[in-house]
Amino acid sequence: MKKIRAFIEAAGLPRVIIGGFLVLLFAVAPLAQISVARSVSDTLVRMAMNGVMVLALVPMVQSGCGLNFGLPLGIIAGLLGALLSIELDITGFAGLFFAMGVSLPFAAIFGYGYGLILNKVKGDEMMIATYVGFSSVSLMCIAWQLLPFTSPIMIWGYGGSGLRVTVSVSEHWLHVLSDFLSFQIGNFYFPTGMFLFLAFMCFLVWGFFRTKIGTAMTAVGSNPEFARASGIDVDKMRTISVVLSTMLGAIGIVVYQQSFGFLQLYTGPFYMAFPAVAALLLGGASVNKATLFNVIVGTFLYQGICTMTPSVINSLLQTDMSEMIRLIVSNGMIIYALTRKVQVKR
Amino acid sequence: MKARRLVVRAAALFLFVALGVFLFVNGKGHDILLDNKTVTMGDQTYEAFASALISLDGKKAVEIQRRERLPEMLVGKNHVIRVEVMNRGGKVIQTREEKFSLGLDRTWLISLPMLISGDARWIQVFKTGEN
Amino acid sequence: MTQEPLLRMEHIGKEYFGNRVLADVNLTLQRGEILGLVGENGAGKTTLMKILFGMPVIKETGGYEGKMYLDGKEVNFDSPFDALDGGIGMVHQEFSLIPGFSTTENIMLNREFTCYSPLVELFGERLQTLNRPAMRQRAAKAIDTLGVRVDPDMLIQEMPVGHRQFTEIAREIDRESTKLLVLDEPTAVLTESEAAILVKALRKLADSGIAIIFISHRLQEILDLCDKILVLRDGMVIKEAPTKGTEIRQIASWMVGRTVEDKKQDDAVRVCLEPILRVDHLWVDMPGETVRDVSFDVCRGEIFGIGGLAGQGKLGIANGIMGLFAAGGAVTWKGKALKLNDPHGALEAGMAFVSEDRRGVGLLLDEPIDWNIAFTAMQVQGRCLKSLLGGLIQWRDDVAMASLAQEYIDALGIKCVSSRQRAVELSGGNQQKVCLAKAFAVGPELLFVAEPTRGIDVGAKKLVLDTIRETNRHKGTTVVMISSELEELRSICDRIAIVDEGRLAGMLSATASVEDFGLLMLGAGKGPEVAAGVR
Amino acid sequence: MKNKSFKDILISNAVPIIFLVLSAAAIPLSGFTTSYLIQEMVTRMGRNCFLVLSLLIPIAAGMGLNFGMVLGAMGGQIAIILVTDWNIVGMQGLLLAAMISTPISLALGWLTGEILNRAKGREMVTSFMLGFFMNGVYQFIVLYGFGMVIPVENHAMLLSRGFGIRNAINLQGVRQVLDKFLMVDIGPIHVPMAAFIVIALFCLFILWFNRTKLGQDMRAVGQDMAVAKSAGIAVDRTRIIAIIISTVLAGYGQIIFLQNIGTMNTYNAHEQAGIFAIASLLIGGATVSRATITNVFVGVMLFHLMFVVSPMAGKTLMGQAQLGEYFRVFVSYGIIALALVLHALRRRMDKERERQSLRGGDAPAPANGH
């Protein structure tokens, strides 16, 4: 009994509950005539697809800026990169990396401005981040209408103006990363390329937090006063973390798109931050402390739930409850984190 | 003092619920089907008439022809119906006024021939799927 | 037959986590009597008042010893609200007023006059409407009792500080039951003329039969106002005396007068070689520790002490020079001007600072010891880093960090499981040692140490002081030590400057008499003879 | 001196003034007639003011913008669904909907208050997330509860599968009953007097409430929780009451809103209610910590003026009505972001000023020169 309690304490109650729920889903999957191998494979694909975006939250959490509800800013940068790569008709890996490469300077610029704002509003970051994200997405709605792209893939053929709501990447770089070194055993498909890429990004973030600047950033998040007394420019560290978060968000969305197959413009990026935030918190992160372990575990659990609930519950109950379960789990997770006693230290 | 407050609050709660019930009953909208078709009830047959003017709760009358069924809407529980049966020439030959009250069911069927003939079963709950 | 006193406290004692802060305090107070309570910071005044006022913190830390009688009945308040009901009003050091409310609203806060409204029966008492005219009248009466002029309709945020203080006192005396009023440093924020008005008002209150306990560092006020004084030192009553016939000098020596049994270990007369740090007209904007205009020199190789009462600005000096709070004036370090408001610059120049705010500024509580010790050295001097890719990337060297930390864990005897233990898990004394280690790791030429022994036990105190002395003697580090404990300063420093109201009150050799220090600290001895040594 | 105060007025009303200028420029571009615009404004004021007014009390209690008002809107919607299903029509239906929404909103408001008391200092982001969270619960109830647990008589409201409410439902029973109850024509303009009377009553309620002990306590809590607590005010309870009042009123507001529209977008009407109400209030010049009844009216007016005008102005300007529509969405979000940033900045400046006042009067002037 004591051991169980200790385990729950160590893993965190929500993680235990969600983990248990996920195990249950996998256990009953065969009853619902669902291939477990297929489900695991789907979960892994979605995990790799979303992993980088969840990872993108880590720098800001670590530097004490809180949960990056402003992730849409990075996503917009990623969309710009992707659009340019399609516009210039670059295909395959070249196109993918071009998209990432081009999105980075955009992300850096957006992140810098965003960082400046966040430095002025210490203590209120999260709410402001949310609305900075929302308003930038809605501003970009106007931009998508006006930007002078010409590729027929992405503009309305007739009757409309501006870019399409969804732009297919299938002719350019659909699944180039997913299929790299991928293999299939029966129903089980493994997107090796995406996992290698995710591992590589994790390695970069891990490495970054081992550098002098990364160490300083962690200290800023842990106790900004201490860091200041040690001669660290706190605002600069926070800005760097925001830029980093935004850049990772840009890369994250490109990875997502090559697997998903479409760019979602207009209101597409609106709510993309919330699942990522929920996944990170589900992984055991708190508002001011997050590790790569949290990222991996959280993304797996969250995407597992997202993959399994529609298929299992739908076939068992003949209804589609997945959307609500997703809403309740993810937002419940965020509320849980916000109301926890341990609060951000200032 | 405390007791008075309790009584006041209980009374308020009661009033609240009572008002709710009152509104529920009094504001309930009913679909009324005015039916002018020949019906046979058991061994008795009630012939439809050529046309009639029907007025519900004293509102402006509507005209109904043979074999017609007109939908009307009534709000609340107690109502009055007035039927003026006309001959082919448009002359009123028979008038009948009835009071009736509606239960909580939504749709009711009023058989005008039965009403005119004085059969008490002239108003009935109308169930979808039947008839 | 003597009348039963209003308040009688018998054998009051209190321990915080095994740390004794009050022992066997006896106190009696008659109706209409004014008691001046004096003592250094940490002498136990605040704790005594907390016990009297039933503050929850007392109960949470195991209650107190002894008995209290109010009007002859034994009392033991569970919460400040009980104390208020019992007739004790308290005016705290920090204002307890709502800034956007008027004087009237604040005086009547949560005791508003109301008119009946029928909705009360449904939704409870609080739906009564306020009876503002009655409130205003009542508030005006309370202000009148004080004999001051405060506009009952003025908003607190638009008021001068003095009026806020009066508002707060008016609130306390407005309660019908108030028999005893405790004022904790009420004049600290007032100008002299305001303070004089306050003293007069309090006298008037006392004449109406209210007993007053008056805590202040301004001894002249105590003498002017009080009937008798009670001097606390180290949690014990040192002296209870009528004010009549008592002089400031006497009180000062009672307050600080510990005999120096602690002989200096190396009595060699140390001569000032050359000034290493020169401070000219420094001002620092540190909340609660404002430095207004301070100039002094620190000699190479000495231990320079800065003393003074809390809130007078002694802490601000170090925080200002180290760039932690906005500062101005000129600081010259080894002949070169030091850029102010730049913590990195100060550290790079070879200074280090052990902050008085150990948990807030001094430590990364959630990180391990090695991070705490090595962090500053790493960030400022690039230690504990290894270069990758030909110096392109500088990576944290965990091994070097651990060994650096271990070095100090051994040297300072930090009690811990390993260098990976989190700082939050250590005891206060060990945390302080980690802070010292962090400063030592930078290898500073000048070390600022602020309140190094605050909140740690006696054994650890000695160790910390010895460590500081050791560093000074053997490594030649110049030390500026700031402390509220005069004895501590006298036991270790060469020269001691006393700060009062943001200015240097004087500078004395550590061997000067306790009375002289006491007078300087209490701002009563400003004169040419003691001000010698102040540039 | 006078000049300065004029400048101060300009600065403190910058947001409404900017909107006024923007709208003034856009009106001729839109090509709408004056009478059309006035009619629109009158209708929209009657429709929206109540919702926006419901935000005032939590602001006074220092809890910021109550993003949790969407919970009240959900309560109102559930009540409206029930009333429509039972076919309670006319004024009776409307009143009954309000009565049914009361206990639902009460419970939801209590829940919100409890949660916000656990998240002091970040009430806004928490209430915002709570809105999303409860959206899931709401969907669950409406998509599965109705028809499965809660009997639904009117099958036209159900999805074809036999349970769950359709995406859009027709509220013909209560459509505009309040508006038409006392429609007064002033010149060519139809004025829904009854709606305005309800709003006026609400304003009176707020004014009266401010004068009660509870209102006084709320303001005290809003300004300084610690002081209020030490004065013996039940801080947590007061905060919960503030949120409950706001939630219940938001429920009524949503009912008034829906009766005017006449149809209900089952799954996102409440979300829009929240965002538009908050944006309106802020455009009216309110801040996170201070809002008045005037802010509400000015804000609703300016926000909806922009709302009506911008698509047509966009069309004239750019040839695309869509642009104007995106623009107004951008403005709604942007204004909230801006207001939050301004609030944070102001709080920081106040803190700074507080510190300045602590600084000795005769200290050398800081900042410049050093």
Side-chain angles (χ1 to χ4, degrees), chain A residues 10 58-59 61-64 66 122-123 200 202-241 244 284-294 340-346, chain C residues 318-319 322-325 341-349 351-368 371-389 392-398 401 422-424 435 438-439 441-442 448 450:
Chain A
V58 173
V61 170
Q62 282 293 76
S63 75
K122 283 181 197 142
F200 176 65
C202 284
F203 170 76
L204 283 186
V205 172
W206 175 80
F208 174 76
F209 277 101
R210 289 188 60 84
T211 63
K212 189 177 161 188
I213 294 181
T215 309
M217 197 177 280
T218 311
V220 167
S222 191
N223 182 352
E225 285 305 310
F226 175 95
R228 204 164 69 87
S230 293
I232 307 292
D233 185 342
V234 173
D235 282 359
K236 189 171 133 196
M237 286 303 143
R238 287 168 53 105
T239 311
I240 293 176
S241 80
L244 215 60
S286 69
V287 177
N288 60 339
K289 207 100 199 146
T291 63
L292 296 180
F293 180 73
N294 299 146
R340 266 187 358 185
K341 273 273 152 61
V342 195
Q343 298 207 336
V344 189
K345 271 191 242 68
R346 280 196 176 70
Chain C
N319 279 290
M322 292 306 290
L324 298 185
F325 287 93
N341 306 319
D342 177 15
H344 191 259
L347 284 163
E348 218 168 29
M351 303 180 192
F353 178 39
V354 179
S355 170
E356 74 288 351
D357 186 359
R358 198 160 58 222
R359 299 172 73 88
V361 179
L363 291 171
L364 288 170
L365 289 171
D366 290 334
E367 308 293 343
W371 271 59
N372 274 287
I373 294 180
F375 183 79
T376 312
M378 174 201 295
Q379 295 296 330
V380 177
Q381 299 166 340
R383 289 175 60 190
C384 300
L385 289 171
K386 54 187 170 194
S387 291
L388 297 181
L389 305 175
L392 204 63
I393 298 172
Q394 294 205 298
W395 238 9
R396 193 166 72 221
D397 185 348
D398 286 339
M401 274 171 74
R422 293 193 310 154
V424 69
C435 290
K438 177 184 76 168
V442 189
F448 287 98

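Lettering of chains follows the sequences in order, A, B, ..., and the numbering in each one begins at 1.
- The contact list for residues 231-241 of chain A toward chain C, using heavy atoms and a distance under 4.5 Å, reads A:G231, A:I232 by residue number.
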Identify each donor-acceptor pair in which a side-chain atom of residues 204-216 of chain A lies under 3.5 Å from a protein atom, sequence neighbours left out, and give them as a table.
unit_1	atom_1	unit_2	atom_2	d
A:R210	NH1	C:D398	OD2	3.0
A:R210	NH2	C:R396	O	3.3
A:R210	NH2	C:D398	OD2	3.2
A:T211	OG1	A:F208	O	2.6
A:T211	OG1	A:G214	N	3.1
A:K212	NZ	C:Q379	O	3.4
A:T215	OG1	A:T211	O	2.6
A:T215	OG1	C:R396	NH1	3.2

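- For C:F375, the part sitting under 4.5 Å from any heavy atom of chain A is the side chain, from C-beta outward, and nothing else.
- At a 4.5 Å heavy-atom cutoff, C:D342 makes no contact with chain A through either its backbone or its side chain.
- Both the backbone and the side chain of C:M378 come within contact range of chain A, judged by heavy atoms closer than 4.5 Å.
- In terms of heavy-atom pairs under 4.5 Å with chain A, the best-connected choice from C:N319, C:L324, C:I393 is C:L324.
- The nearest pair of heavy atoms linking A:S230 to C:L347 is C-CD1, 3.2 Å.
- Between A:F226 and C:E367, every side-chain heavy-atom pair lies at or beyond the 4.5 Å cut-off.
- Nearest heavy-atom pair across A:S222 and C:D366 is OG-CB, 4.1 Å.
- For the set C:L364, C:V442, C:L385, the count of heavy-atom pairs under 4.5 angstrom toward chain A peaks at C:L364.
- When all heavy atoms are compared, the tightest approach of A:A229 to C:V361 is CB-CG1, 3.7 Å.
- Between A:E225 and C:R359 there is no salt bridge, since none of the side-chain N atoms of the basic residue sits less than 4.0 Å from a carboxylate O of the acidic one.
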